[in-house]
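Below is one structure, written out as structure tokens, with a few remarks after it.
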Amino acid sequence: MGKAGDGTLAWLRDRNRQRVVAVLRTQGRISQADIARATGLSRTTVSTVVGELKDLGLVSDVDGRGSQPRGGRPGVQLILQDPEQVVAGIDFGHSHVSVALADLAHNVLGEQRRDLDVSHQAALALDTAAGLFLELIGELGVDRRLVIGAGIGIPGPVDLGRGQAGSATILPGWVGLRIASEMTERLGVPAAIENDANLGALAELTWGAGRDCTNFAYIKAATGIGAGIVIDGKLLRGATGTAGEIGHTTLDEAGPLCYCGNRGCLETVASGPAIVQLVGRLDGENLTLSRIVELASDGDLRCRRAISDAGREIGVAVAGLCNLINPERVIIGGLLSRTGEVLLRPLRESIRRHAVQAAAESVDVRAAVFVERAELLGSLALALQSSRERIPVK
Ligand SMILES: [Zn+2]
């Protein structure tokens with residue numbers, strides 16, 4: 001009798017995986033066909049093992065052109081990522097900075113958070129993030145040279161071309177600041193930047209309610225309302241990075257003026273401030289959005305009504321999105337999603353009412369897995385994705 005597990009499927013897979021990894025380790029870069037030849041495994045087995053290793057972030061594709069000394073057919077080759085390597089995620093909220101580290105197998109290793117007036121103190125926020133990063137790698141005993149990239153989240157639109165905040169009204173202290181390059185300089189590693197709704201979508205895609213799904217829309221319903229759209233497993237960014245600004249969909253042309261300069265946007269009736277204004281004071285208490293969410297979950301009728309009305313309005317805009325992109329799933333995140341069905345039921349009804357039948361019938365509307373940590377986890381997912389895309393092509 002052999003060791004426990006010998007001969008089982010899991011053991012076999014593990015052994016195959018070790019053989020593939022060993023070849024990658026000795027060869028540096030190698031095609032899938034050559035791995036099959038070197039290990040004696042079938043091409044199908046190699047393809048399965050390589051797929052698993054890719055899912056774990058341990059193997060990446062590189063362009064094989066120029067690396068065929070005997071003038072062979074150029075093609076995709078594979079390289080092994082160092083399992084010791086890590087990425088950093090940085091989340092700038094309006095009033096906090098969080099930093100986390102993850103390894104390439106998608107394990108979150110640690111997190112740090114500090115409260116700070118981020119909106120108005122950009123330079124201090126960037127320095128604080130760099131300080132938290134150093135504290136964290138010290139605490140975890142990670143060699144700084146093993147950090148290969150960082151993802152940054154900001155609570156507002158991002159100008160991807162310039163790597164800076166795309167709106168002066170949302171982050172007043174950050175105007176003109178090249179956030180990605182400032183952070184790259186402070187951390188000494190390449191940094192990528194995204195807005196909060198797109199990061200929420202990446203967090204759900206990597207670890208949450210979108211893991212088994214390649215076409216979905218993530219809606220962040222909190223102080224603002226934004227969408228992160230995933231098509232064929234990739235984030236849709238648009239020409240300048242502002243895709244998904246669903247909060248500024250016009251619902252009523254004669255409606256109240258929105259801070260964006262238009263009238264009757266979704267945010268004028270369903271954003272956090274709109275809900276707070278609608279509910280007003282309760283028993284002499286000035287309510288915050290999180291208090292309203294709490295009261296609605298506890299059964300307070302006025303708070304429940306305000307949130308379900310917001311759900312109905314959000315559903316109208318999401319119905320339009322369903323008509324355009326026909327998502328398999330709509331994942332609702334942000335603070336409002338904490339109320340569960342109070343928000344989701346009217347939202348689903350609105351989609352059924354306003355979207356074409358085929359799109360409305362097939363879409364599965366559910367709550368996000370992450371609420372408070374969505375942006376931080378998303379910034380890690382962004383760093384993992386960007387470091388995969390940055391693998392050198394010879
Ligand atoms: Zn607007």
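In listed order, ligands and their atoms are each counted from 1.
- Annotation: salt bridge (Lys or Arg N to Asp or Glu O under 4.0 Å) contacts involving residues 264-290, sequence neighbours excluded, comprise E285-R291.
- Here the protein contributes H248 ND1, C258 SG, C260 SG, C265 SG as N, O or S atoms under 2.8 Å from the Zn ion (ligand 1).
- The number of heavy-atom neighbours closer than 6.0 Å to CZ of R162, taken from other residues, nucleotides and ligands shown, is 12 or below.
- Residues Q164 and G176 come closest through the heavy atom pair OE1-O, 3.6 Å.
- Looking at every heavy atom in both residues, V87 comes nearest to I148 through CG1-CG1, 3.9 Å.
- Residues R114 and E135 are paired through a salt bridge, judged by an N-O separation under 4.0 Å between the basic side chain and the carboxylate.
- Within 6.0 Å of atom CZ in R345, 12 or fewer heavy atoms from other residues, nucleotides or ligands are found, so the atom counts as exposed in its surroundings.
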